[in-house]
There are 2 protein chains.
Amino acid sequence: MENDPVQAIAMRLKIEREARGWSLAELAERSGVSKAMISKIERNEASPTATVLGRLSGAFGLPLSVLLALAERAQERVALQAEQPVWTDPETGYTRRAVSPANSPLELLDVSLPSGVRVPYPASAFAFQHQQIWVLSGRLDFQEGTVMHHLTEGDCLLLGPPADCVFFNPGKEPARYVVALTRR
Amino acid sequence: MENDPVQAIAMRLKIEREARGWSLAELAERSGVSKAMISKIERNEASPTATVLGRLSGAFGLPLSVLLALAERAQERVALQAEQPVWTDPETGYTRRAVSPANSPLELLDVSLPSGVRVPYPASAFAFQHQQIWVLSGRLDFQEGTVMHHLTEGDCLLLGPPADCVFFNPGKEPARYVVALTRR
DNA sequence: AATAATCGTCTTCTATAGTGGACGAAAAAA
DNA sequence: TTTTTTCGTCCACTATAGAAGACGATTATT
């Protein structure tokens, strides 16, 4: 167990950036890391320091350990539940589980939204990716730009062009839903 | 979310090294990283690159993402099950869950050993730490040096001085046991 | 087509990560 | 005690991470 994580990190960073439709310049501005260095890291020509990795994962809104866990799963074919990276928003209790092995063009997320919790999502996080939301249990009010969708168990919504979105659970029980998305 | 992970990494690396009773020189030899650099990292005077972090986590036998996850939990008081770092040996299916919030002097591990699986542990990994093994379910044959212990549900074993050990599950069901250990 | 943004890469330079070896302190051995 | 070993830190030096800006290529505007 002495493999260099640099290549896996490189691939994962590029995926996360492109999934958000961000250019090198935009990620540089958000993270405080120069775009030249981001370019080198993504092309496996530099080994980022912990400080830089912390800034980049912060820009993506991910704990560094989750970013690394996603990177490590790059070559896996099967993702056991016990190995799937989970991250929880400590303030709201919102949890998000990455179900699919990473680097697949189709990604599945298992999300649990506690009762009464509101989670906004900026349009920039959705650019250039096609995605659907499928409610497994509970209720979900989904605001897409100026349009409001009221979803309940079994409903599935196809997202339109990028817009500022808000997830809200109006019910008394946690809302559990799947986010399915494709890259490019 | 822009916190620098360097300090948390520094603390965690020192804990992992001291838990194994390794000197800077020994960890340097095992990891291929100079002891001067390890000293700097542990004292928060340098930000390690991904390459160096990969070598260090490899020397500890941990995936890098798990090492980071343990580091991030440094200041937490409560460890929710969904947030507890789990790692699985892909060959044997052996899984290990870090139950306690990190940096506590008393650490609890929830281990599951599949039927028929044999896991050796070198004496060097136990030096200077006091630990017990408590079987929750299934059967566990534990070889401590030249002595063999046959444990079943509810049994608890206090480990003696450091010795080469082997965990083996002779039963047909998975063995689940707790490893409790203290530092220093 | 011509102009103007915007993209990722390349270039130059500085800060610092990383190495090998020396050093003093503390513990172990005699 | 004196000697020897082992520990972690400090020093000088090299390799490279990282920043700021220039550059050609591509795409969008007019």
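The sequence lines fix the lettering, A, B, ..., with proteins before strands; numbering per chain opens at 1.
- Using a 4.0 Å heavy-atom distance criterion, E42(A) is classed as making no nucleic acid contact.
- Proximity of R55(A) to the phosphate of dG18(D): no side-chain N or O atom is located under 4.0 Å from OP1 or OP2.
- Side-chain contact check for R17(A) versus L24(A): some heavy-atom pair is nearer than 4.5 Å.
- The side chain of A36(B) approaches dG20(C) more closely than any other nucleotide in the set dG18(D), dG20(C), dG21(D).
- Residue M37(A) has its side chain nearest to dA19(D) when only dG18(C), dT9(D), dA19(D) are considered.
- As a whole-Å value, the separation of I41(A) CD1 from dA19(D) C1' is 12 Å.
- K35(B) places its NZ atom 12 Å from the P atom of dG20(C), with the value rounded to the nearest Å.
- By the 30° and 60° cut-offs, the orientation of the rings of W22(A) relative to F60(A) is parallel.
- Atom CD1 of I38(A) and atom C1' of dT9(C) are 13 Å apart (whole Å).
- The CZ atom of R43(A) sits 8 Å away from the C1' atom of dG8(C) (whole-angstrom rounding).
- The distance between atom CG of L24(B) and atom C1' of dG24(C), rounded to the nearest whole Å, is 16 Å.
- Each of A25(B) and S47(B) was assigned the nucleotide of DNA chain D with the nearest heavy atom; the assignment lying further toward the 5' end belongs to A25(B).
- Distance alone, capped at 3.5 Å, places no donor-acceptor pair between the R55(A) side chain and the T51(A) backbone.
- Atoms CZ (R17(B)) and P (dC7(D)) sit 10 Å apart, rounded to a whole Å.
- At the heavy-atom level, A46(A) lies under 4.0 Å from the strands shown only through sugar-phosphate atoms.
- Under 4.0 angstrom from either OP1 or OP2 of dC7(C) there lies at least one side-chain N or O belonging to S23(A).
- If you check every strand for non-hydrogen atoms under 4.0 Å, S39(A) touches a base.
- Taking the side chain as every heavy atom from C-beta outward, Y177(B) and W134(B) never approach each other to under 4.5 Å.
- K40(B) has its NZ atom 13 Å from the C1' atom of dG21(C), to the nearest Å.
- Contact annotation: the side chain of T152(A) never approaches that of V135(A) to less than 4.5 Å [non-hydrogen atoms, C-beta and beyond].
- You'll find that the side chain of V33(B) is closest to dT19(C), out of dT19(C), dG8(C), dT9(D).
- Nucleotide dA17(C) holds its P atom 12 Å from the CG atom of L53(B), rounded to whole Å.
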